[in-house]
Amino acid sequence: MTVKDTITKKLSETFAPAQIDVTDESHLHAGHAGHRPGGETHFRVYIVSPSFEGKSRIERHRMVNTALAAELADRVHALAIKAQAPGEAAT
Amino acid sequence: MSIANFIDNEVKSNDVVLFMKGNPQFPQCGFSGQVVQILDHIGVAYKGLNVLESSELRDGIKTYSNWPTIPQLYVKGEFVGGCDIVREMFQAGELQQLFAEKGVAAGASA
């Protein structure tokens, strides 16, 4: 299973998202300090879930970071997050 | 002084502190660079601390805020967020509002 698949699976299980899109952007960071051979270091997450309703930006990011704590401690070097509640998704 | 005390002292004795990779003149990471550009655009004075100079600082700041990534922006001792949050707040005008509410002088677009 790729890291991208693992991230998608964990976030799907944790947040039951209406929409989720995980992008591996590692190739954009080749040569950068956090890059590793084989990539899978830099990811972008777009997730829409009712879990984020009424939560601040920091709380939402903490929720995502907590769900992916093992990945962040291991090889994931950067994680860009856009986390929205369903009603906000259109904006 | 422990690293936690050092960090605590920095965020409490400076109005705006950015823990980043590289320094404001020469950011060494795209995410840090984005926050630098936003702060420079708003025109607030801030202190940049380069975590690449100290692995102790790099690990210490992640523990301090319970936040796994860098950059990290602090205003008046309070953790504001990382690159995504700072950018979203800037685009919504909330970052400028935060500086105004906290009494931090902004030069350009206040």
Side-chain angles (χ1 to χ4, degrees), chain A residues 3 6-7 10-11 14 20-36 39-48 52 55-85 87-91, chain B residues 11 18-23 26-38 50-55 57-98 101-102:
Chain A
V3 175
T6 306
I7 291 174
K10 284 199 172 179
L11 293 179
T14 309
I20 180 163
D21 185 22
V22 179
T23 316
D24 185 340
E25 296 189 332
S26 306
H27 62 285
L28 299 176
H29 301 269
H32 172 281
H35 183 75
R36 290 194 200 185
E40 304 204 297
T41 49
H42 293 67
F43 292 88
R44 178 171 297 278
V45 169
Y46 174 66
I47 181 167
V48 181
F52 300 124
K55 302 277 200 263
S56 72
R57 289 192 177 91
I58 287 184
E59 287 170 327
R60 293 173 188 198
H61 280 234
R62 282 201 202 284
M63 289 161 73
V64 172
N65 289 334
T66 301
L68 301 177
E71 285 66 34
L72 283 162
D74 184 18
R75 71 175 298 136
V76 174
H77 166 80
L79 185 67
I81 302 169
K82 190 165 182 69
Q84 296 182 309
E88 308 161 353
T91 61
Chain B
V11 303
L18 179 64
F19 294 85
M20 62 178 293
K21 293 181 178 174
N23 59 52
F26 186 55
Q28 288 181 257
C29 159
F31 302 105
S32 292
Q34 284 185 39
V35 177
V36 162
Q37 281 190 350
I38 289 169
N50 184 0
V51 303
L52 296 179
E53 286 176 353
S54 156
S55 61
L57 179 62
R58 186 172 175 172
D59 292 334
I61 191 63
K62 295 179 183 178
T63 307
Y64 180 81
S65 55
N66 185 28
W67 193 264
T69 51
I70 289 153
Q72 296 185 15
L73 180 68
Y74 291 79
V75 176
K76 295 269 183 180
E78 189 182 308
F79 177 53
V80 174
C83 175
D84 295 320
I85 289 179
V86 169
R87 196 183 54 246
E88 283 175 25
M89 288 180 72
F90 170 65
Q91 286 167 348
E94 292 169 28
L95 189 62
Q96 299 86 323
Q97 201 181 331
L98 176 76
E101 281 168 8
K102 299 273 184 182

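Below, read A as the first sequence line, B as the second, and so on, with proteins coming before strands; counting in each chain starts at 1.
The two atoms that bring B:D84 and A:H61 nearest to each other are CB-CE1, 3.6 Å, heavy atoms only.
The closest donor-acceptor contact from the side chain of A:R62 to the backbone of B:N66 lies under 3.5 Å.
Interface residue A:I81: backbone and side-chain heavy atoms are both found under 4.5 Å from chain B. When heavy atoms are compared at a cutoff of 4.5 Å, B:F79 approaches chain A by way of both its backbone and its side chain.
Among the candidates A:S56, A:A80, A:A69, the residue making the largest number of heavy-atom pairs closer than 4.5 Å to chain B is A:A80.
The environment of A:E59 atom CD is dense: over 12 non-hydrogen atoms of other residues, nucleotides or ligands sit within 6.0 angstrom.
One distance of note links CD of B:E78 with CD1 of A:I58; it measures 7.5 Å at 0.5 Å rounding.
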